[in-house]
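Everything numeric in this text was worked out from a predicted model, so none of it was measured. Note: hydrogens, waters and symmetry copies are ignored here, and every other heavy atom, side chains too, is used.
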Amino acid sequence: MSTRNIVLIVIGGLILLLGGCGCSGYNGLVQTDQNVKGKWANVESDYQRRSDLIPNLVNTVKGAADFEKTTLEAVVNARAQATQTKIDVTNLSPEKIAEFQKAQSQLSGAIGRLLVTMEKYPELKATDAFRDLQSQLEGTENRIKVSRNDFNGAVQEYNTGVKKFPMVLFSGIFGFKEKGFFAAEAGAEKAPTVDFTK
């Protein structure tokens, strides 16, 4: 066998090996990408559930004649902003996830302020409708946390697949890019200050 034939056989073998790895890796990335998209749908569904509860919460609270209108307006405006912030599931980049998270965090803050303000209205807190809505809201917040954690796990698996050799050679060619994670809220690393003198 001539040297030329040996070289052709080696090159052909390498092409077949890389092609096999490319096909297998491509199929793996498709599978993990679909998993990420499914987990993202769960995140959106849980945030939508929270958003759907807010009009009922606001209407229940409006029943208190002297309730602070600015607090309610802040919740309504934050809800509007959060529901307008949409992300295309094919572009779950870190920047897009951060944009979505920022809008949802503003809504979480507004709801938190509303619930803190409720402490001044024991008669409203005592109503069955308010207690039911508050319970549903707490359950929804727990669902959101679980969905976000599941999404982050799926993204980690996908991103690892994109970066592993030999797929790192093909992922860009096939259009697979790293996806973003949900991150801790700014300031979450600081413990809250508790002051019992007030």
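Looking at S108 and R50, their side chains come closer than 4.5 Å, going by heavy atoms from C-beta outward. Considering only heavy atoms from C-beta on, F181 comes within 4.5 Å of N159 through its side chain. Counting heavy atoms from C-beta on, the side chains of V43 and K39 never come closer than 4.5 Å. Between I144 and Q104 there is no side-chain heavy-atom pair separated by less than 4.5 Å. Between V162 and M167, the closest side-chain pair of non-hydrogen atoms is not below 4.5 Å. Looking at K145 and R148, their side chains never come closer than 4.5 Å, going by heavy atoms from C-beta outward.
Taking every heavy atom of both residues into account, T60 and A129 meet most closely at CG2-CB, 4.2 Å. Closest approach of V75 and L114 over heavy atoms only: CG2-CB, 4.0 Å. In plain terms, the two heavy atoms of S147 and N42 that are nearest each other are OG-O, 3.8 Å. In plain terms, the two heavy atoms of L29 and S171 that are nearest each other are CD1-CB, 4.2 Å. Residues V168 and K163 come closest through the heavy atom pair CB-O, 3.6 Å. Nearest heavy-atom pair across N35 and A154 is ND2-CB, 3.6 Å.
Summarising the geometry, atom CG belonging to L92 is positioned 13.0 Å from atom CD belonging to E178; distances are rounded to the nearest 0.5 Å. Atom CG in N77 sits 9.5 Å away from atom CD in Q81 (nearest 0.5 Å). To the nearest 0.5 angstrom, Q101 atom CD is 9.5 Å from I87 atom CD1.
Side-chain atoms of Y158 come within 3.5 Å of backbone atoms of K177 as a donor-acceptor pair (strictly under, hydrogens ignored). Between the side chain of T160 and the backbone N or O of Q156, at least one donor-acceptor pair lies under 3.5 Å.
In terms of the side-chain hydrogen bond (donor to acceptor under 3.5 Å, both in side chains) criterion, K86 has no residue partners (sequence neighbours excluded). Under the side-chain hydrogen bond (donor to acceptor under 3.5 Å, both in side chains) criterion, R143 pairs with no residue at all, not counting sequence neighbours. Partners of F130 by ring-ring contact (aromatic ring centres under 6.0 Å, His included), not counting sequence neighbours: none found. The side-chain hydrogen bond (donor to acceptor under 3.5 Å, both in side chains) check on Q134 picks up nothing, with sequence neighbours excluded. Scored by the ring-ring contact (aromatic ring centres under 6.0 Å, His included) test, F151 finds W40, F182 as partners (sequence neighbours excluded). Residues that satisfy the side-chain hydrogen bond (donor to acceptor under 3.5 Å, both in side chains) test with E157, not counting sequence neighbours, are absent from this structure.
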Evaluate side chain to side chain contact (heavy atoms under 4.5 Å, CB included) for I111 paired with L115, printing each intermediate quantity in order.
-> CA-CA 6 Å; I111 292 170; L115 294 176; 4.1 Å; yes
Let me see the working for D52 and Q48 under side chain to side chain donor-acceptor pair (under 3.5 Å), right down to the final yes or no.
-> CA-CA 6 Å; D52 292 345; Q48 184 62 50; 2.7 Å; yes
Check the pair Q136, D132 against side chain to side chain donor-acceptor pair (under 3.5 Å), reporting the backbone distance first and the verdict last.
-> CA-CA 6 Å; Q136 287 185 49; D132 182 49; 2.9 Å; yes
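A side chain to side chain contact (heavy atoms under 4.5 Å, CB included) with L133 is found for exactly one of D128, N56, N59, namely N56. Screening L57, L53, I54 for a side chain to side chain contact (heavy atoms under 4.5 Å, CB included) with R79, the sole residue that qualifies is I54.
Salt-bridge check for D33 with K37: passed, with a basic side-chain N closer than 4.0 Å to an acidic carboxylate O.
Defined by atom type and a distance below 3.5 Å, a donor-acceptor pair is present between the side-chain atoms of T140 and R49.
Y26 and F165 fall within the same hydrophobic cluster, defined by Ile, Leu, Val, Met, Phe, Trp and Tyr side-chain heavy atoms under 4.5 Å apart, directly or through other members.
Heavy atoms of other residues, nucleotides or ligands lying less than 6.0 angstrom from CD of Q34 number more than 12.
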